[in-house]
Each structure stands twice: as structure tokens, then as C-alpha cells.
Amino acid sequence: MSPENEDINAAIEGELRLMDPAVRLSRPIAGTLLDPEFVEIGASGRRWTYEEMLVALPGLDGGGADSPRYEPSGMTGVVLGPGLVHLTYETVLGVERARRGSLWRRRAGETSWRMYYHQATPVPDGVRSRGRTPSGTA
């Protein structure tokens, strides 16, 4: 496996771990997956910082053991440069769909990848996964 593929796979593994309710309920574990400079623009439009996310994560959708889990699909990644991976994918949680993008970074001298930036955009009803409406237009 090429170093680029290893980096992409490491970022994907981290992304999937952040969707695991056990990780979302554990501040220490989630804290190792989020970069201290983390920022998220959620599907609601809210901007989250590292501290805000760690406090809120257990109570957010997908956080409880009995709550619905995120169902990701179409996850792909590209290495943007040394120590920087961009992931894109789509999720379903209940009836809500969102397109998501994350930047994962590994700082020089470190071995672990951390989510640096995340953005979620709601997908309106009637829009297919590839950005087409049922009539075939974008």
C-alpha cells in the first residue's frame, strides 16, 4: 500500500471512530481524534470549536447507545499535501441526509491523525446522492 493510501485509510478510520457512540460518549477518546484547533460548521449552520464539540458530542445525534447511528456512504479521500487529507462522503441519520467534508492533519513529528475541520451540508429531499434531482438536473 502506498503512503498516500495509508494516510487516507488512517483518516477514514478516524472518521468512522468519531461516528461510534462509544467514542462520542468518551471525552478522552474523542479528544485524541479532534485537533486542538478543530472547527466544525454543522448541518445546522452552527460553528463549533474543539472544547464546544467535546462538551456537546455525547448529547448530539448519534451519541447515545440507544440513538440512531450515522450511516456513511461513498467515503473517499485525497492527500492534499504532507500531513493533510481531505475526506468527502454522505451520511444518513434517521431520515436526515448530509454531505460531509473533513480535513485530517498529522502534525510534523506526530504519528496520529486528528480531524482539523469538518463541514456538513443538509441534502434536501428529492436530491440523489450524486447531486441530481429525480428529474436528472443538478
Side-chain angles (χ1 to χ4, degrees):
M1 181 179 302
S2 74
E4 281 193 354
N5 284 340
E6 288 177 15
D7 292 347
I8 292 168
N9 287 341
I12 289 172
E13 180 182 321
E15 191 85 34
L16 294 174
R17 286 189 69 210
L18 280 169
M19 290 182 214
D20 181 338
V23 171
R24 296 170 78 81
L25 291 170
S26 171
R27 181 183 174 113
I29 297 171
T32 66
L33 293 168
L34 298 178
D35 190 276
E37 296 176 4
F38 170 81
V39 172
E40 174 174 332
I41 307 300
S44 66
R46 179 177 174 174
R47 182 183 187 276
W48 299 86
T49 65
Y50 175 83
E51 281 299 323
E52 291 169 334
M53 183 56 70
L54 289 178
V55 168
L57 199 55
L60 294 175
D61 289 340
D66 296 331
S67 68
R69 290 190 65 164
Y70 282 98
E71 297 175 32
S73 64
M75 195 173 292
T76 61
V78 63
V79 174
L80 298 177
L84 191 60
V85 172
H86 180 224
L87 299 180
T88 57
Y89 61 101
E90 195 170 293
T91 58
V92 174
L93 181 70
V95 297
E96 309 241 341
R97 289 177 42 220
R99 292 202 176 106
R100 299 178 179 272
S102 297
L103 291 175
W104 285 78
R105 81 174 173 182
R106 182 181 61 207
R107 294 178 188 232
E110 293 184 3
T111 58
S112 62
W113 286 89
R114 292 176 170 223
M115 183 186 283
Y116 174 72
Y117 179 80
H118 183 79
Q119 183 160 351
T121 303
V123 178
D125 289 341
V127 175
R128 293 187 183 159
S129 291
R130 295 250 181 220
R132 299 177 191 270
T133 61
S135 65
T137 59

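All values reported here derive from a predicted model rather than from experimental measurement. Note that the numbering runs from 1 along the sequence shown for the chain.
- Residues Met75 and Tyr70 fall within the same hydrophobic cluster, defined by Ile, Leu, Val, Met, Phe, Trp and Tyr side chains chained together at heavy-atom separations under 4.5 Å.
- Applying the 6.0 Å contact sphere to CD of Glu6 captures more than 12 heavy atoms from other residues, nucleotides or ligands.
- To the nearest 0.5 Å, atoms CZ (Arg107) and CZ (Arg114) are separated by 8.0 Å.
- Contact record, Ala56 with Trp48: CB-CZ3, 3.3 Å, taken as the closest heavy-atom pair.
- Here the CZ-CZ distance, from Phe38 to Arg105, works out to 12.0 Å after rounding to the nearest 0.5 Å.
- Taking a 4.5 Å side-chain heavy-atom cut-off between Ile, Leu, Val, Met, Phe, Trp and Tyr, the cluster of Val92 contains only that residue.
- Between the CG atom in Asn9 and the OG atom in Ser2 there is a gap of 9.0 Å [rounded to 0.5 Å].
- Side chain to side chain, Glu13 and Trp113 fail the donor-acceptor criterion of an N or O pair below 3.5 Å.
- With rounding to the nearest 0.5 angstrom, the CG atom of Asp7 is 13.0 Å from the CH2 atom of Trp104.
- In this structure the side chain of Leu34 never reaches within 4.5 angstrom of the side chain of Glu40, judged on heavy atoms.
- Partners of Ser26 according to the side-chain contact (heavy atoms from CB on, under 4.5 Å) rule, which considers only residues two or more places apart in sequence or in another chain, are Pro28, Ile29.
- For the pair His86 and Gly101, the tightest heavy-atom approach, listed with the atom from each and the gap, is NE2-CA, 4.5 Å.
- Across all their heavy atoms, Asp61 and Leu93 have their closest contact at CB-CD2, 3.0 Å.
- Scanning all heavy atoms of the two residues, the minimum distance from Asp35 to Tyr50 falls at O-CD1, 3.1 Å.
- Within the 4.5 Å cutoff, side-chain heavy atoms of Arg99 are placed close to those of Val127.
- For the atom pair Thr91 OG1 and Arg69 CZ, the distance stands at 13.0 Å (nearest 0.5 Å).
- Val39 belongs to a hydrophobic cluster whose remaining members, ordered by chain and number, are Ile41, Val78, Leu80, Leu84, Leu103, Tyr116, Tyr117; membership requires side-chain heavy atoms of ILVMFWY residues under 4.5 Å apart, directly or through intermediates.
- Nearest heavy atoms, Leu87 versus Gly77: CD2-CA, 3.7 Å.
- Here the straight-line distance linking atom NE2 of His118 with atom CZ of Arg100 works out to 4.0 Å at 0.5 Å rounding.
- In this structure, Ser102 and Met115 approach most closely via the heavy-atom pair OG-CE, 3.6 Å.
- In the hydrophobic cluster analysis, where Ile, Leu, Val, Met, Phe, Trp and Tyr join through side-chain heavy atoms closer than 4.5 angstrom, Leu25 is grouped apart from Met53.
- One finds a salt bridge joining Arg27 and Glu51 here, because a Lys/Arg side-chain nitrogen approaches an Asp/Glu carboxylate oxygen to under 4.0 Å.
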